[in-house]
Amino acid sequence: MSKVKIDKTKGITMKKIQSNKLNELAKIYNESGKTALFQYIRDNDLVKHPYALLKRMKERSSLKYNVELDCFESVRDCDEDLFMSVEELCSPINNSSINQAQKDYSDKRNDIMEQLVHNLIGDRLLTIDKYVKIDSRLKEIFIDKTSMVLDGYEIKIY
């Protein structure tokens, strides 16, 4: 049901269309097109300007309007969302989709762990770089012992 709101500054009555009604209108748009939607809006006296209502529906994120297909994607029957069909219940389990999902998850997890290890190694190398300088040309290692001791490190030579 639509609510009527009176704008006291302009003296105009505006109707507020509920979201479940917008879903119904989107379904009409998908099945019959724009002309049928406008005719339905005019026949039921929903709003004065159906173009503005259609624009509002297209901008609404819950309806998900697809420009290429010229339809609303998220409008489905409740039965489709709530219940499985007999064919879906009786069909064998598709292990490939399950295995693919597990593989994707494990790949993502491996990538995250590898990134974590790289970050930790990088942090360690940056810490060591503050105190130790290596000159490979002269084959010398310079250690800033005073800075290391002040920062709480001990030096042990094997």
Side-chain angles (χ1 to χ4, degrees), residues 1-3 5 7-10 14-31 33-34 37 47 49-158:
M1 225 16 155
S2 58
K3 295 180 182 177
K5 181 180 176 184
D7 186 358
K8 294 180 181 176
T9 59
K10 298 177 184 174
M14 299 183 301
K15 294 184 180 180
K16 171 94 171 135
I17 297 177
Q18 301 297 324
S19 61
N20 59 349
K21 189 68 172 178
L22 289 177
N23 288 338
E24 181 183 326
L25 293 174
K27 189 175 179 181
I28 292 171
Y29 182 86
N30 286 347
E31 292 172 357
K34 186 183 350 181
L37 174 68
V47 291
H49 304 286
Y51 292 102
L53 177 63
L54 181 60
K55 181 180 177 190
R56 184 177 133 209
M57 288 171 58
K58 287 180 179 180
E59 291 171 353
R60 191 177 183 94
S61 62
S62 64
L63 291 176
K64 293 181 182 135
Y65 178 73
N66 187 336
V67 179
E68 288 94 24
L69 299 175
D70 189 31
C71 68
F72 295 95
E73 292 179 342
S74 67
V75 179
R76 295 182 188 134
D77 291 333
C78 293
D79 294 340
E80 289 179 19
D81 294 334
L82 294 177
F83 302 107
M84 293 176 69
S85 68
V86 175
E87 292 81 20
E88 289 174 321
L89 288 172
C90 295
S91 67
I93 296 175
N94 187 357
N95 288 333
S96 63
S97 63
I98 295 171
N99 291 339
Q100 183 64 31
Q102 289 174 342
K103 183 180 177 199
D104 291 343
Y105 176 73
S106 66
D107 289 344
K108 185 177 179 182
R109 192 170 140 202
N110 289 339
D111 291 342
I112 291 170
M113 286 301 291
E114 188 173 327
Q115 184 180 10
L116 178 65
V117 168
H118 284 288
N119 287 340
L120 291 173
I121 291 172
D123 291 343
R124 288 266 175 111
L125 288 173
L126 285 174
T127 305
I128 292 171
D129 188 52
K130 287 195 307 191
Y131 308 113
V132 178
K133 304 295 180 206
I134 300 174
D135 187 354
S136 58
R137 188 175 50 89
L138 298 174
K139 296 189 183 210
E140 294 179 334
I141 298 175
F142 302 97
I143 300 173
D144 187 2
K145 182 179 177 181
T146 53
S147 296
M148 287 182 75
V149 171
L150 287 174
D151 289 342
Y153 290 99
E154 290 181 31
I155 299 173
K156 295 184 179 180
I157 300 174
Y158 296 97

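The structure displayed is predicted, hence computed values, not measured ones. In what follows, every heavy atom counts, from backbone to side chain, and hydrogens, waters and symmetry copies are set aside.
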**Report entry** Minimum side-chain heavy-atom gap Lys27-Tyr29 below 4.5 Å
**Finding:** no

Report summary line: In this structure, CG of Leu63 is separated from CZ of Arg56 (nearest 0.5 Å) by 9.5 Å

Query raised in the report: Can Leu22 and Leu53 be said to form a side-chain contact (heavy atoms from CB on, under 4.5 Å), step by step?
Result: CA-CA 9 Å; Leu22 289 177; Leu53 177 63; 3.8 Å; yes

Requested in this report: Take Leu125 and Ile121 through the test side-chain contact (heavy atoms from CB on, under 4.5 Å) and record every step on the way to the result.
Outcome: CA-CA 6 Å; Leu125 288 173; Ile121 291 172; 4.0 Å; yes

Requested in this report: Would you check if Asp135 and Phe142 make a side-chain contact, meaning some heavy-atom pair closer than 4.5 Å?
Outcome: yes

Query raised in the report: With a 4.0 Å cut-off, would you call Glu24 and Lys21 a salt bridge?
Result: yes

Report summary line: Heavy-atom closest pair (Tyr65 atom, Lys58 atom, distance to 0.1 Å) is CZ-CE, 3.6 Å

Query raised in the report: Would a 4.5 Å heavy-atom cut-off, applied to side chains only, mark Ile155 and Met148 as touching?
Result: yes

Report summary line: To the nearest 0.5 Å, atom CZ of Arg124 lies from atom CG of Leu126 at 12.5 Å

Query raised in the report: Just wondering, are more than 12 heavy atoms of other shown residues or ligands nearer than 6.0 Å to NZ in Lys55?
Result: no

Query raised in the report: Do Asp129 and Thr127 have a side chain donor and acceptor closer than 3.5 Å?
Result: no

Query raised in the report: Side chain of Asn66, backbone of Phe72: donor and acceptor closer than 3.5 Å?
Result: no

Report task. Rounded to the nearest 0.5 Å, what's the gap from CG on Asn30 to CG on Leu25? Could you check? Result -> 11.0 Å

Query - Separation of Lys133 NZ from Ile143 CD1 (nearest 0.5 Å) - result: 12.0 Å

Query raised in the report: Sequence neighbours excluded, which residues qualify as salt bridge (Lys or Arg N to Asp or Glu O under 4.0 Å) partners of Asp111?
Result: none

